[in-house]
There are 2 protein chains.
Amino acid sequence: MSGLWYTEKQTENFGITMKIKRTLHTEQTDFQYLEMAETEEWGNMLFLDGMVMTSQKDEFVYHEMVAHVPLFTHPNPENVLVVGGGDGGVIREVLKHPEVKKATLVDIDGKVIEYSKKFLPEIAGELDNERVDVRVDDGFMHIAKSENEYDVIMVDSTEPVGPAANLFTKGFYAGIAKALKEDGIFVAQTDNPWFKADLIREVQRDVKEIFPITRLYTANIPTYPSGMWTFTIGSKKYDPLEVSDEHFHDIETKYYTKELHKAAFVLPKFVKDLTE
Amino acid sequence: MSGLWYTEKQTENFGITMKIKRTLHTEQTDFQYLEMAETEEWGNMLFLDGMVMTSQKDEFVYHEMVAHVPLFTHPNPENVLVVGGGDGGVIREVLKHPEVKKATLVDIDGKVIEYSKKFLPEIAGELDNERVDVRVDDGFMHIAKSENEYDVIMVDSTEPVGPAANLFTKGFYAGIAKALKEDGIFVAQTDNPWFKADLIREVQRDVKEIFPITRLYTANIPTYPSGMWTFTIGSKKYDPLEVSDEHFHDIETKYYTKELHKAAFVLPKFVKDLTE
């Protein structure tokens, strides 16, 4: 048995560590350091620049919670854009909504797509679906060129260091507002409140200046720092807290439920304080 | 700077690791291996048998969520028992409720109390409060000897190995029912749904056979396995989901809110499935 352990330093002084069966692929791409490994606890895992991106065992939480909250909030999401998300997990969840006619994925790093298809097939399998348009391109530039086009935009980025740094700026949120239709809605992963409180506070402030409806919700992701992840919604018209019960339709999920759709916005006090 | 790191294996193949400034105390007590250390990330921490019990930085989540959910559910909790909890954190939160006339703490290991007072004073400080009766005794035996005595019982135990093994048995829950008054309510920490699903399922089944109202709720505790912790309530009369808004009174908290009191019971689907 291998004696390898992979340790992710989530802060300077704290991390998670996991036993590795074997490494599957390691490569410095044009944008980041990509590692795939088979772990004992979490199945196959993707790491970028030493940070956990997704694992076969817990990926459903992140992907369901990114996709279903905005998609059930919008009454008719026909045209969807995913920025980042090259592993394909968000796309898989998006396609569970029959109203979605087209889902465009723009990831800057084609290697993430390539090796996710190879080693995370249950996650990436729907990238070849005919409703999906996969583009290897700069998400920031794609947004800058788009106007009045999308019903829902999902930002499934890495941390605000490296290639995703400009995806956490007010300029990017303004670009998203322009790229969305007049009743559009966007969601972005916005890290965790234990180690990145300042980031969350800044994002709320920036998004509030651009979108009339700004909301923060959370989900439990055991392989992400602190186990509590946040997502920020900016919406031009529809409020995720005002979705009527009859608007939900049945989809197969392991984490998301229509009751959780609303409960996920009820924040612990120290997190709520970051939104005020 | 010290090169020490403390690694807790939360499963055979996964753990957390944290940088240590210095160890404060290490001792094999009559019941367990006790360690206190000053960490860079979490402040002072207490470990028992190699498992994180509490840290100065995130202790508020566990202690608030154990105490306030049952105490706000019971209309007049005058007499409260805490089984375990020698660090004193639950007692500190219990005393925020002015209706509580007496809070008894029964911990089997006096060393936990002694070293918590020394190294975790913000947590243990209220153990000397005049409303508190601290006993170094076997919680299981204390429960077995009690009858129709308590309004609320809180089980703040270690994992179901070592000294706390008998605190996860149906016999113990039956003893709790006997020790409670006719409208009493109890809560127990019941581990996490990612690595201990079977335990949670068993506890729900056992408690349901004894208490007419059984409920499971969660909280995010970053230093505990998976970051998502569960708590099980057994209640003879009062339902935590039916607390009326005017029953809540203001208390100072960092995690608990009256909105979260109810939202914490809205479970992710894979957790909800464990209760059915």
Side-chain angles (χ1 to χ4, degrees), chain A residues 1 5-21 39-42 55 57-58 60-61 64-65 192-195 217-230 251-273, chain B residues 1 5-21 39-42 55 57-58 60-61 64-65 192-195 217-230 251-273:
Chain A
M1 184 182 276
W5 286 71
Y6 192 107
T7 299
E8 177 193 353
K9 282 180 74 173
Q10 299 178 330
T11 72
E12 197 57 39
N13 301 305
F14 182 70
I16 57 173
T17 187
M18 45 220 137
K19 197 158 179 23
I20 300 296
K21 273 187 186 162
T39 71
E40 295 277 353
E41 189 64 55
W42 302 102
S55 88
K57 188 168 160 188
D58 77 341
F60 64 92
V61 182
E64 290 181 11
M65 292 301 280
N192 81 87
W194 289 91
F195 307 134
Y217 64 100
T218 73
N220 161 244
I221 304 176
T223 58
Y224 279 13
S226 90
M228 179 195 272
W229 215 245
T230 74
I251 50 169
E252 202 171 309
T253 59
K254 287 189 271 188
Y255 192 93
Y256 177 93
T257 69
K258 66 178 183 178
E259 293 79 17
L260 202 66
H261 176 111
K262 289 177 183 174
F265 290 89
V266 181
L267 304 172
K269 180 155 191 318
F270 79 104
V271 184
K272 187 160 180 276
D273 288 347
Chain B
M1 185 183 274
W5 286 71
Y6 192 106
T7 300
E8 177 193 352
K9 282 179 72 173
Q10 299 178 330
T11 72
E12 196 57 39
N13 301 307
F14 182 70
I16 57 173
T17 187
M18 44 219 135
K19 197 158 180 24
I20 300 296
K21 274 186 186 163
T39 70
E40 295 277 354
E41 187 66 55
W42 302 102
S55 88
K57 188 167 160 188
D58 77 340
F60 65 92
V61 182
E64 290 181 12
M65 291 302 280
N192 81 87
W194 289 92
F195 307 135
Y217 64 100
T218 73
N220 160 245
I221 303 175
T223 58
Y224 280 12
S226 89
M228 179 195 272
W229 215 246
T230 74
I251 50 170
E252 201 170 310
T253 59
K254 287 189 271 188
Y255 191 94
Y256 177 92
T257 69
K258 67 178 182 177
E259 292 79 17
L260 201 67
H261 176 110
K262 289 176 182 173
F265 290 89
V266 181
L267 305 172
K269 182 158 191 313
F270 80 104
V271 184
K272 187 161 180 274
D273 289 346

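Order of the sequence lines sets the chain letters (A, B, ...), proteins ahead of strands, with each chain counted from 1.
At a 4.5 Å heavy-atom cutoff, the contact between T7(B) and chain A is made by side-chain atoms alone. Residue contact with chain A, scored on non-hydrogen atoms closer than 4.5 Å, is absent for K262(B). Contacts between K9(A) and chain B at a heavy-atom distance below 4.5 Å involve the side chain alone, from C-beta outward. Heavy atoms closer than 4.5 Å to chain B are found in the backbone of L267(A), but not in its side chain. With a 4.5 angstrom heavy-atom cutoff, Y6(A) does not touch chain B via any of its atoms. Heavy-atom distances place the side chain of V61(B), and not its backbone, under 4.5 Å from chain A. At a 4.5 Å heavy-atom cutoff, N192(B) makes no contact with chain A through either its backbone or its side chain. For chain B, the nearby parts of D58(A) are the backbone and the side chain; heavy atoms of each come within less than 4.5 Å.
Top candidate by heavy-atom pairs under 4.5 Å with chain A, chosen from A264(B), S226(B), P225(B), A219(B), is S226(B). Here Y255(B) is the residue among F195(B), F265(B), Y255(B) with the most heavy-atom pairs under 4.5 Å with chain A.
The number of heavy atoms from other shown groups lying within 6.0 Å of NZ (K272(A)) does not exceed 12.
In this structure, the separation between OG1 on T17(A) and CD on E8(B) is 12.5 Å, given to the nearest 0.5 Å.
Across all their heavy atoms, L260(B) and V266(A) have their closest contact at CD1-O, 3.3 Å. The two residues W5(A) and E12(B) make their nearest non-hydrogen contact at CH2-O, 3.7 Å. For the pair K254(A) and K269(B), the tightest heavy-atom approach, listed with the atom from each and the gap, is O-CB, 3.4 Å. Between P222(B) and F14(A) the shortest heavy-atom distance is O-CZ, 4.4 Å.
Tested against T11(B) for a side chain to side chain donor-acceptor pair (under 3.5 Å), the candidates E40(A), E41(A), K19(A) yield a single pass: E41(A).
Taking the six-membered ring wherever Trp is involved, the centroid distance between the rings of F60(B) and W194(A) falls below 6.0 Å.
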